[in-house]
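Encoded as structure tokens, the structure appears first; notes follow it.
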Amino acid sequence: MAQELPSLNALHAFEAAARLLSVSRAADELHVTHGAVSRQIRNLEEQLGLALFSKDGRGLKLTDAGLRLRDVSGETFERLRQVCVELKRQNADAPFVLGCPGSLLARWFIPRLDRLNRALPDLHLQLSTSHGEPDPRSPQVDATLLYAEPPWPADMRVFELARESIGPVLSPRYVRFAELHAAAPQALLHEALLHTTSRPQAWPQWGDAIGLASGALQLGQGFEHLYYLLEAASAGLGVAIAPRQLVADDLAAGRLVAPWGFVETEARLALWVPGQRSDQRAERLAHWLGSELERGAGMNARTADPDARLATS
């Protein structure tokens with residue numbers, strides 16, 4: 001006869017307290033009282049015949065038995081949470097949650113959102129973003145759109161959409177626009193260049209690709225996020241560097257210009273889908289994104305600056 005498992009409520013209370021190393025915080029997370037969590041843990045210890053916690057000053061410390069049970073229970077409850085989320089999403093009316101970096105969301109995705117909703121009305125798209133790099137393995141999203149370099153991880157399905165191209169951009173409002181717009185790329189050696197603190201290598205990467213003495217480039221004002229960087233460039237504060245897809249609309253509207261063109265990097269804009277999930281909505285979204293990027297590339301070619309010093313990628 002199979003051995004009976006301890007109470008699920010007791011295991012749940014223990015897992016929360018073991019993860020947080022606090023009965024009070026576990027009680028807050030589970031929306032029960034401190035006493036209720038303590039009783040569940042005490043009942044579990046009595047059933048197992050082992051102590052799971054010991055006092056550590058004013059806090060808690062896991063015993064060897066507690067450490068073993070914490071590892072197993074933590075993995076089990078996390079997997080249960082993931083599976084429940086996935087089962088809920090099998091509902092035809094469930095939204096398709098897309099993770100996306102804030103800059104990509106604001107500069108490229110949202111301006112095309114109405115077109116996407118009209119093309120894929122049954123997708124029920126819900127957008128999720130964060131200040132940091134999104135986690136494509138998060139159980140809270142169905143897919144993630146982001147720039148990254150291959151090789152791709154084995155546990156993800158990755159739909160490559162476009163190769164990243166980066167280049168300098170500036171606004172006609174910039175005080176030195178007329179002089180720079182007609183100059184060779186070497187003129188940038190005398191500029192304090194706008195950049196993101198998260199990707200300071202972008203300027204040297206571009207300089208090396210065109211044969212410029214990238215070590216002589218001077219980085220000026222830095223911004224935490226690409227969105228703020230491009231807002232600064234649009235306001236005429238200086239010369240910035242950015243992926244072409246994220247400035248496509250600004251170039252077409254004349255808010256920004258790219259006199260020196262763009263160069264390809266090893267990164268790809270890709271849609272990442274956890275490998276164990278089978279969702280045709282992701283494939284349909286990837287197909288639409290690829291078509292939209294091709295459409296945008298064609299428009300970029302027609303609106304390219306005729307004075308560009310470099311061939312665009």
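Sequence positions, counted from 1, serve as the residue numbers for this chain.
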Salt bridge check: are E266 and R163 linked by an N-O gap of less than 4.0 Å?
yes
Going from CG on L188 to CG on L212, what distance comes out if it is rounded to the nearest 0.5 angstrom?
7.0 Å
Determine the minimum heavy-atom distance between G167 and F262, stating which atoms define it.
N-CD2, 3.3 Å
Evaluate the side-chain proximity of M156 to P136: yes if any heavy-atom separation is below 4.5 Å, no if none is.
yes
Distance (rounded to the nearest 0.5 Å) between L104 CG and T129 OG1:
9.0 Å
Looking only at heavy atoms, what is the nearest atom pair of A242 and L226, with distance?
CB-CD1, 4.3 Å
Min side-chain heavy-atom separation L62-F14 under 4.5 Å:
yes
Counting C-beta onward and ignoring hydrogens, is there a side-chain heavy-atom pair between L125 and L120 closer than 4.5 Å?
no
In sequence, state the C-alpha distance, the side-chain angles, and the governing distance for E45 and R42, and then conclude on salt bridge (charged side-chain N to carboxylate O under 4.0 Å, His left out).
CA-CA 5 Å; E45 289 178 322; R42 193 160 54 247; over 6 Å; no
Does R137 come within less than 4.0 Å of D155, counting only side-chain N to carboxylate O?
yes
Can you check whether P101 reaches H225 side chain to side chain, under 4.5 Å on heavy atoms?
no
So how far is it from R199 CZ to Y147 OH, rounded to the nearest 0.5 Å?
9.0 Å
Connected via hydrophobic side-chain network under 4.5 Å: L271 and V158
no
Using modelled atom types only, decide if a donor and an acceptor are shared between the side chain of R25 and the backbone of L21 within a distance under 3.5 Å.
no
Is it the case that atom OH in Y227 sees more than 12 heavy atoms from other parts of the structure closer than 6.0 Å?
no
Does some side-chain heavy atom of L116 sit less than 4.5 Å from a side-chain heavy atom of L285?
yes
Looking at every heavy atom in both S24 and H34, which two are closest together, and how far apart are they?
OG-CD2, 3.2 Å
Between P168 and P259 the two heavy atoms that sit nearest each other are O-CD, 4.4 Å
Distance check, rounded to the nearest 0.5 Å: L113 atom CG versus N117 atom CG?
4.5 Å
For a quick test of reading the model, state the closest non-hydrogen atom pair linking F177 to S171 and the distance between them.
CD1-O, 3.4 Å
Do Q205 and I241 touch side chain to side chain, with heavy atoms closer than 4.5 Å?
no
Any chance you could lay out the side-chain contact (heavy atoms from CB on, under 4.5 Å) test for Q245 and L293, step after step, and finish with the verdict?
CA-CA 8 Å; Q245 287 89 358; L293 286 161; 3.7 Å; yes
Salt bridge flag under 4.0 Å for residues R39 and E46:
no
When hydrophobic residues are tied together by side-chain contacts of less than 4.5 Å, even through go-betweens, does V23 share a cluster with L20?
no
Would H181 and Y174 satisfy side-chain contact (heavy atoms from CB on, under 4.5 Å), going step by step from the backbone distance to the final call?
CA-CA 10 Å; H181 183 260; Y174 183 43; over 6 Å; no
Report yes if some heavy atom in the side chain of W272 is under 4.5 Å from a heavy atom in the side chain of V141; otherwise report no.
no
Less than 4.5 Å apart, side chain to side chain, heavy atoms only: is that true for W260 and L170?
yes
I'd like to know whether L44 forms a side-chain contact (heavy atoms from CB on, under 4.5 Å) with L52, so could you lay out the CA-CA distance, the side-chain angles of the two residues, the decisive distance to 0.1 Å, and finally the verdict.
CA-CA 9 Å; L44 181 60; L52 300 172; 3.7 Å; yes
Could you state whether L30 and L60 fall into the same hydrophobic cluster, counting links through intermediate Ile, Leu, Val, Met, Phe, Trp or Tyr residues with side-chain heavy atoms under 4.5 angstrom apart?
yes
Side-chain donor or acceptor of S128 paired with backbone N/O of V97 under 3.5 Å:
no
Value for CG (L11) from OG (S73), rounded to nearest 0.5 Å, stands at 7.0 Å
Before giving the answer on side-chain contact (heavy atoms from CB on, under 4.5 Å), spell out for S234 and L256 the whole-Å C-alpha distance, their side-chain angles and the decisive distance to 0.1 Å.
CA-CA 6 Å; S234 298; L256 294 172; 4.0 Å; yes
Rounded to the nearest 0.5 Å, what separation is found between the CD atom of Q221 and the OG1 atom of T197?
10.0 Å
N-O pairing of D114 and R118 below 4.0 Å
yes
Identify the two heavy atoms, one from W203 and one from L217, that lie closest to each other, and give their separation to 0.1 Å.
O-CD1, 3.6 Å
Name the residue from L161, L98, L269 that meets the side-chain contact (heavy atoms from CB on, under 4.5 Å) definition with L289.
L161
Members sharing L50's hydrophobic cluster (side chains within less than 4.5 Å):
none
Count the heavy atoms belonging to other residues, nucleotides or ligands that lie under 6.0 Å from CG of D64, then report whether that count exceeds 12.
no
Cation-aromatic face contact R281/F96, 6.0 Å, 45 degrees:
no
Test salt bridge (charged side-chain N to carboxylate O under 4.0 Å, His left out) applied to E264 and R244, step by step:
CA-CA 10 Å; E264 288 187 345; R244 183 167 61 182; over 6 Å; no
Determine, using the 4.5 Å side-chain heavy-atom cutoff (strictly less than), whether I110 and L123 are members of one ILVMFWY cluster.
yes
Test of understanding: clusters of I, L, V, M, F, W, Y form through side-chain heavy atoms closer than 4.5 Å, transitively. Do L80 and L8 belong to the same one?
yes
Between E15 and R19 (salt bridge meaning N to carboxylate O under 4.0 Å), is one present in this structure?
yes
On the 0 to 90° scale, with breaks at 30° and 60°, tag the H12-F77 ring pair as parallel, tilted or perpendicular.
parallel
